[in-house]
Colleague: 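Sharing a structure below in structure tokens format, with a few things to ask.
Any value given below was found using the heavy atoms of this structure, including those in side chains, with hydrogens, waters and symmetry copies removed.
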Amino acid sequence: MLLLILMNMLTLLCCVLIIPGPAAWAALCHMCNRVSNEFAISWEEYWKVFRREWKPWAGMTIIGTLVSALIGINFVFYSVSFPNQAWVPYVQGAWLAAGVLWLAIQFYIYPLYVEQEKKTWRIALRNAAVVSGASPLFSFILIVLGALLTILSLVFVPPLFVLLGLSFWLTLSNAATVDRLAVYRKRADETQAKS
């Protein structure tokens with residue numbers, strides 16, 4: 001646990017510095033995936049992933065940030081630009097639904113990328129959309145509880161967020177992904193056994 005705390009603090013610092021943020025995020029996500037799969041973590045493994053995954057994770061991090069910003073801007077834009085229009089709440093509802101779906105995809109995409117043998121973001125994106133769509137209540141409850149606990153720790157106990165905030169969120173998403181993959185593999189085995 002001490003290693004995860006130190007890795008969390010380093011990752012938070014790298015995210016503040018922006019440029020090394022994606023590499024640190026990738027390394028911490030890999031370590032949280034190892035924890036979720038009950039493997040040991042080490043600094044050697046952290047730095048290996050940090051160096052290897054910077055480019056692919058930088059691209060996906062930029063795309064994820066831009067899409068999130070686009071959804072947020074569009075949600076606010078219509079209410080500001082077209083006040084008192086009857087159709088605006090429907091458009092905002094559509095953007096809110098898109099935001100919730102995108103948040104669920106972001107919750108699963110990074111752990112799914114880590115779990116892949118042949119690593120491609122396109123497949124991870126597709127699988128994240130499938131997993132979030134196939135288990136909407138499971139995903140919604142985990143995301144809401146995770147976000148609530150993260151916000152509470154950030155507001156009321158900031159040192160707790162500095163020590164465990166990012167690793168808590170990534171461990172939650174990795175554990176949820178490992179759980180969903182186990183369920184789908186079990187279903188696939190049962191279907192194959194029946195046929």
Side-chain angles (χ1 to χ4, degrees), residues 8 11-29 32 53-114 116 119-156 158 160-162 164-174 176-177 180:
N8 183 82
T11 302
L12 193 58
L13 176 65
C14 288
C15 288
V16 169
L17 296 174
I18 297 174
I19 300 295
W25 186 254
L28 185 63
C29 189
C32 291
E53 296 290 342
W54 186 83
K55 278 187 180 178
W57 283 66
M60 191 60 209
T61 304
I62 290 169
I63 290 169
T65 304
L66 289 176
V67 170
S68 300
L70 178 69
I71 291 170
I73 288 168
N74 276 296
F75 181 78
V76 173
F77 170 78
Y78 287 99
S79 63
V80 172
S81 298
F82 305 101
N84 304 323
Q85 295 293 321
W87 54 269
V88 170
Y90 299 110
V91 173
Q92 282 187 306
W95 281 110
L96 182 63
V100 170
L101 178 62
W102 183 248
L103 180 62
I105 288 171
Q106 290 293 294
F107 185 72
Y108 289 112
I109 191 170
Y110 299 106
L112 283 168
Y113 182 83
V114 173
Q116 292 176 358
K119 303 202 181 295
T120 64
W121 285 111
R122 185 179 55 78
I123 293 172
L125 182 63
R126 183 199 65 199
N127 290 342
V130 168
V131 170
S132 58
S135 307
L137 187 60
F138 177 83
S139 302
F140 181 74
I141 290 171
L142 282 181
I143 291 170
V144 167
L145 288 176
L148 185 63
L149 288 172
T150 302
I151 291 168
L152 287 174
S153 72
L154 188 58
V155 171
F156 294 110
L160 184 62
F161 178 79
V162 171
L164 290 171
L166 299 177
S167 59
F168 165 73
W169 185 257
L170 285 174
T171 302
L172 180 66
S173 66
N174 275 286
T177 302
R180 294 294 89 191

Colleague: Take Gln85 and Tyr78 through the test side-chain contact (heavy atoms from CB on, under 4.5 Å) and record every step on the way to the result.
Modeller: CA-CA 9 Å; Gln85 295 293 321; Tyr78 287 99; over 6 Å; no
Colleague: To the nearest 0.5 angstrom, please state how far the CG atom of Leu172 sits from the OG1 atom of Thr177.
Modeller: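 Spacing of CG (Leu172) from OG1 (Thr177) equals 9.0 Å.
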Colleague: Report yes or no: does Ser135 contribute a side-chain atom to a donor-acceptor pair with the main-chain N or O of Ser132 at less than 3.5 Å?
Modeller: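 No, the answer is negative, given that no donor and acceptor are paired below the 3.5 Å cut-off.
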Colleague: Write down the atom of Ile71, the atom of Gly99, and the distance for their closest heavy-atom approach.
Modeller: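 The pair with the smallest heavy-atom distance is CG2-CA, 3.7 Å.
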Colleague: Using 0.5 Å steps for rounding, measure from the CG atom of Leu70 to the OG1 atom of Thr65.
Modeller: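 Reported value, rounded in 0.5 Å steps: 12.5 Å.
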Colleague: Which atom pair, heavy atoms only, marks the closest approach of Ser79 to Gln92?
Modeller: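 Smallest heavy-atom distance, with atoms named: CB-NE2, 3.3 Å.
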Colleague: Taking all heavy atoms of Val131 and all of Leu112, pick out the closest pair and write down the distance.
Modeller: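 Closest approach of Val131 to Leu112: CG2-CD1, 4.4 Å.
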Colleague: Trp95 versus Tyr90: any side-chain heavy-atom pair under 4.5 Å?
Modeller: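 With C-beta onward as the side chain, the pair stays apart.
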Colleague: For the atom pair CE (Met60) and CD1 (Ile109), what is the distance rounded to the nearest 0.5 Å?
Modeller: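 So the CE of Met60 and the CD1 of Ile109 are separated by 3.5 Å.
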Colleague: Rounded to the nearest 0.5 Å, how far apart are CG of Leu103 and OG of Ser68?
Modeller: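 Between atom CG of Leu103 and atom OG of Ser68 there are 8.0 Å.
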Colleague: Which heavy atom of Leu28 sits nearest a heavy atom of Leu166, and at what distance?
Modeller: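 For Leu28 versus Leu166, the nearest heavy atoms are CD2-CB, 3.8 Å.
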Colleague: Hey, can you tell me if Tyr113 and Trp57 have their rings parallel, tilted or perpendicular (30° and 60° cut-offs)?
Modeller: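 Correct class here is perpendicular.
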Colleague: Is the NZ or CZ atom of Arg180 both under 6.0 Å from the centre of the six-membered ring of Tyr108 and within 45° of that ring's axis?
Modeller: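 Negative - Arg180 is either too far from the ring of Tyr108 or too far off its axis.
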Colleague: Could you state the interatomic distance from CG (Leu149) to CG (Leu154), rounded to the nearest 0.5 Å?
Modeller: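 Going from CG on Leu149 over to CG on Leu154, the span is 12.5 Å.
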Colleague: With Trp169 as reference, evaluate Phe161, Phe107, Trp25 under the ring-ring contact (aromatic ring centres under 6.0 Å, His included) test and give the passing residue.
Modeller: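 Going through Phe161, Phe107, Trp25 one by one, the ring-ring contact (aromatic ring centres under 6.0 Å, His included) with Trp169 is satisfied by Phe107 alone.
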Colleague: Quick one: closest heavy-atom pair of Thr61 and Pro22, and the distance?
Modeller: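 It is OG1-CB, 3.9 Å.
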Colleague: How about CD1 on Ile18, more than 12 heavy atoms from neighbouring residues, nucleotides or ligands closer than 6.0 Å, or not?
Modeller: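 No, because the 6.0 Å sphere around CD1 of Ile18 holds 12 heavy atoms or fewer from other groups.
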Colleague: Going by heavy atoms in the side chains, are Ile143 and Phe140 under 4.5 Å from each other?
Modeller: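 SC-SC contact between Ile143 and Phe140 ruled out.
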Colleague: Between Ile105 and Ala128, what is the shortest heavy-atom contact and its length?
Modeller: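 Heavy-atom minimum between the residues: O-CB, 3.6 Å.
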Colleague: Once rounded to the nearest 0.5 Å, what's the spacing between atom OG of Ser167 and atom CG of Leu164?
Modeller: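 Output value for this atom pair is 4.5 Å.
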Colleague: Heavy-atom count check: over 12 atoms from other residues, nucleotides or ligands less than 6.0 Å from Trp102 CH2?
Modeller: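 More than 12 heavy atoms, drawn from other residues, nucleotides or ligands, come within 6.0 Å of this atom.
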